[in-house]
Structures are given as C-alpha cells and as structure tokens.
Novice: 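Before anything else, here's the structure in question.
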Amino acid sequence: MSDYNIAVIPGDGIGIEVVAEGLKVLTSAAERAGIGLSFDHFPWGAGHWLKHRVALPPDAIETLGAYDAIYLGAVGLPGQVPESVGVGQVVLGIRSGFDQFANVRPVRPIPGCPWYLGHRRPEDIDFVVIREATEGFYCNVGGRFAPDAPEVEDIIALRSAFGESAEIAVQTGIFSEAGCRRVIRFAFELARKRNGKKKVTSTTKSNALTHAMGMWDEIFEQVAAEYPDCEHDWMHVDAMSMRFITNPERFDVVVADNLFGDILTDLSAALVGGLGFAPGGNLSQTGPSMFEPPHGSAPDIMGKGIANPIAAILTAAFMMEMLGEMQVAEAIRAAVTTVVSNGIALTPDAGGCATTEQVGDAVTATIAI
Ligand code: IPM
Ligand code: MG
C-alpha cells in the first residue's frame with residue numbers, strides 16, 4: 001500500500017518533460033527512504049482540449065480530491081488554445097477549486113546557478129514570496145462593453161475620453177477581508193517558523209488602488225499586531241521591484257496579492273538563476289495542495305530535450321516537505337545543490353550542455369539516503 005497517492009498533471013510543452021524528471025528523482029528518493037508513493041497521471045491541459053475540446057473534465061475536482069497532493073508541470077499552448085481555456089480552467093480552476101490560497105515561492109539561490117547580481121552572493125539571499133492565489137485580479141470578473149452599455153454608464157462619466165472610445169474593458173479585482181487576512185496570517189506563521197529573522201514585508205499599491213489595497217494594508221497592520229514577536233514593514237510594489245534587485249537580502253517573507261505576486265515571482269526567479277530553478281506550490285487547508293513550478297510550458301523549446309528540470313525537481317521536494325517527509329525533501333535538495341554547484345549536469349539556460357534527462361539522471365544518482 002502506498003503512503004501517499006499523488007495525482008500527476010504533466011500538462012503541455014516542457015511540463016511533460018520536466019515532470020518526468022521530477023518523478024524519476026522523487027521515486028528514487030522515496031524508495032530509498034522506504035516511503036511508498038503512487039502516481040496517477042491525468043492528461044489534462046491545452047493539448048487535451050485540442051483533442052477532446054475539454055481542458056479539465058467537469059468531475060476533475062472531485063477526482064483530484066481523493067489524492068494527497070497534485071503535482072503539475074505547466075499548462076498552455078499559446079496560439080493554438082485560448083489561454084482562458086488551458087491555463088484558466090486547469091491552473092486557475094484547480095487553485096480555486098481546492099481553495100489553494102497560499103502560493104508559496106521560495107527564493108533561495110543555489111551556488112553555481114546563473115548569477116545576475118554583481119553586488120550580492122547567492123548565500124546572501126533567502127526569502128519566500130507568499131502570493132494570494134484565489135482572488136484579486138484573477139477572478140475573471142468584468143467584461144468588454146460598448147460605451148453606451150448600461151453596465152459602464154458610471155465609468156463613462158469619469159472621463160470624456162472613455163465615451164469616445166469604441167469599446168471599454170473592465171477588469172475587477174476582488175479582495176475579501178477574510179481572504180486577505182488568512183494569507184497575511186499564513187505569512188506571519190511562516191515567518192515564525194522559518195529561520196529566526198521573523199520578518200514579513202507586505203506589498204501593495206494602495207496609493208493608486210485605494211479600495212482593495214487600502215483594505216489589504218489595514219488588515220496587514222491588524223494581523224501584524226497579533227504577531228508582536230515578528231518584525232513587519234510594507235512597500236509599494238514598484239519600490240519592492242527595485243528592492244528585489246538592490247537589496248534582496250533585506251527580505252524574509254514577502255506577502256502579495258495574486259497579480260503582484262505573479263509578477264514579483266518571475267522577478268525573484270531571476271535571483272535564483274531563472275525560471276528553470278524556481279520551485280513553488282499552492283497550499284490548501286481544506287483539500288489537496290498543488291505543487292507546480294512558476295514557469296510555463298515554453299512551447300518554443302518543447303521536444304528539444306533542453307528544458308531545465310531543476311524547478312520541477314525542487315517542486316517535488318517541496319511537495320514531500322509539505323507531506324511531512326522532510327528527509328526525502330532534504331535529500332532531493334542536497335542532491336540538486338551538489339549537481340548544480342559542481343556543474344555536474346546543467347541545461348543550456350544554466351550555461352551547460354546537458355539534456356533534461358541527463359540532469360534528472362544526475363540528481364537521481366546523487367541522492368544520498
Ligand atoms: C504562474 C503563472 C500562472 C499565474 C498563469 C499561467 C495563469 O504565470 O503560475 O505564475 O499567473 O498564476
Ligand atoms: Mg507567473
């Protein structure tokens with residue numbers, strides 16, 4: 001009998017290639033630790049939509065609900081399948097389907113990874129971005145309207161140029177008090193456990209987005225008061241973008257809404273050597289969590305065997321950590337560190353000439369349990 005049943009959704013493009021390596025590493029590490037894992041594969045995603053006109057079957061959430069965790073590669077075939085279908089139904093659909101509100105994206109560079117900051121060393125940087133993953137601007141609320149549509153009557157009155165436009169598009173960000181509070185609390189809880197720095201930095205843009213982010217800022221202060229043992233501060237997202245580059249060592253736990261968290265975590269991926277090195281997971285407190293690297297399906301390099309599987313491998317390690325299997329998680333991370341820092345096998349994005357498979361094999365061969 002398996003200790004953990006994992007639902008695997010490789011998705012599209014390089015998602016399929018990197019998940020294969022993640023599973024290879026995971027299987028080997030778990031076997032050595034005497035932990036039984038079972039994997040059921042689900043072929044959902046943009047490719048599935050091309051064949052069957054369904055990206056995610058209607059009963060998918062019920063099906064996935066029976067698993068201990070979900071391991072996802074990447075979804076999307078831009079140009080062939082509308083993003084609202086592939087990415088929208090599968091990635092955003094599963095995140096909201098299981099209320100996976102805390103998208104956790106660690107920023108911990110491995111020495112030997114591509115390095116873009118001349119003024120800092122990899123060991124100076126160790127923080128994590130917590131991105132709210134179920135609300136904000138990703139709720140798909142709004143629409144496109146003719147300027148004389150009754151829905152936009154009040155909006156048209158704001159500026160005369162709006163009324164002269166052929167079309168008005170409205171995208172509404174939805175921020176609930178409870179949704180903001182729980183993700184901010186999650187950030188403080190993590191800061192308590194993390195590494196002794198115990199510091200949470202919130203980011204908004206409340207000088208311009210006054211309603212939603214004004215509320216977020218207020219809630220942040222209220223929650224901070226519940227954690228007097230933790231330091232807290234905040235900055236607008238434009239300033240934070242700059243600080244990620246100029247002073248990345250000042251961060252411990254960063255908490256952001258869905259949109260800014262999305263943007264900031266591609267920026268923070270650059271601090272760990274690129275999207276090929278950045279792991280992540282969407283945590284739920286009521287259903288299975290989904291572990292997926294922040295990178296996309298990269299159709300431009302799919303099938304070439306050059307995608308960097310490190311992000312997916314570290315994502316598998318994160319999944320084991322969250323399942324409570326710290327030994328397996330640490331063993332995978334240690335093997336990745338050895339492979340990357342000694343340049344044993346690196347894909348071209350990291351300056352090497354190894355294939356996706358060779359990196360997976362090298363990490364597997366290096367696991368010591
Ligand atoms: C990410 C991705 C997704 C997101 C897209 C594919 C919807 O950019 O995981 O960061 O924005 O959440
Ligand atoms: Mg993103």
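Note that ligands are numbered from 1 as they come in the structure, with each ligand's atoms numbered from 1 the same way. Worth saying up front: this structure is predicted, and the values here are computed from it rather than measured.
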Novice: I want to check a possible cation-pi pair here: Arg243 against Phe127, using under 6.0 Å from ring centre and within 45° of the ring axis as the test.
Specialist: no

Novice: Would you check if the Mg ion (ligand 2) lies under 2.8 Å from any N, O or S atom of Asp262?
Specialist: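 Looking at Asp262, which is the residue asked about, there is an N, O or S atom under 2.8 Å from the Mg ion (ligand 2).
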
Novice: Can you tell me if Trp216 and Ser206 form a side-chain donor-acceptor pair at under 3.5 Å?
Specialist: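 On atom types as modelled, these side chains do not qualify, holding no pair under 3.5 Å.
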
Novice: Assign the ring pair His48 / His52 to parallel, tilted or perpendicular, where the plane angle (0 to 90°) is split at 30° and 60°.
Specialist: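 Tilted.
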
Novice: N or O contacts of ligand 1 with protein under 3.5 Å, please list pair by pair.
Specialist:
| unit_1 | atom_1 | unit_2 | atom_2 | d |
| --- | --- | --- | --- | --- |
| ligand 1 | 8 (O) | Asp262 | OD1 | 3.3 |
| ligand 1 | 9 (O) | Arg95 | NH2 | 2.9 |
| ligand 1 | 9 (O) | Arg105 | NH2 | 2.7 |
| ligand 1 | 10 (O) | Arg105 | NH1 | 3.0 |
| ligand 1 | 10 (O) | Arg105 | NH2 | 3.2 |
| ligand 1 | 10 (O) | Arg131 | NH1 | 3.2 |
| ligand 1 | 10 (O) | Asp262 | OD1 | 2.8 |
| ligand 1 | 11 (O) | Arg131 | NH2 | 3.2 |
| ligand 1 | 11 (O) | Asp262 | OD1 | 3.4 |
| ligand 1 | 11 (O) | Asp262 | OD2 | 2.9 |
| ligand 1 | 12 (O) | Arg95 | NH1 | 2.5 |
| ligand 1 | 12 (O) | Arg95 | NH2 | 3.2 |
| ligand 1 | 12 (O) | Arg131 | NH1 | 3.1 |
| ligand 1 | 12 (O) | Arg131 | NH2 | 2.7 |

Novice: Return the minimal non-hydrogen interatomic distance between Tyr4 and Leu323, and the atom names on each side.
Specialist: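 Shortest heavy-atom contact: OH-O, 3.3 Å.
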
Novice: Measure across Pro122 and Pro109 and return the closest heavy-atom pair with its distance rounded to 0.1 Å.
Specialist: O-CG, 3.4 Å

Novice: Of Lys198, Lys199, Glu221, which meets side-chain hydrogen bond (donor to acceptor under 3.5 Å, both in side chains) against His232?
Specialist: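 Exactly one option meets the side-chain hydrogen bond (donor to acceptor under 3.5 Å, both in side chains) with His232, and it is Glu221.
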
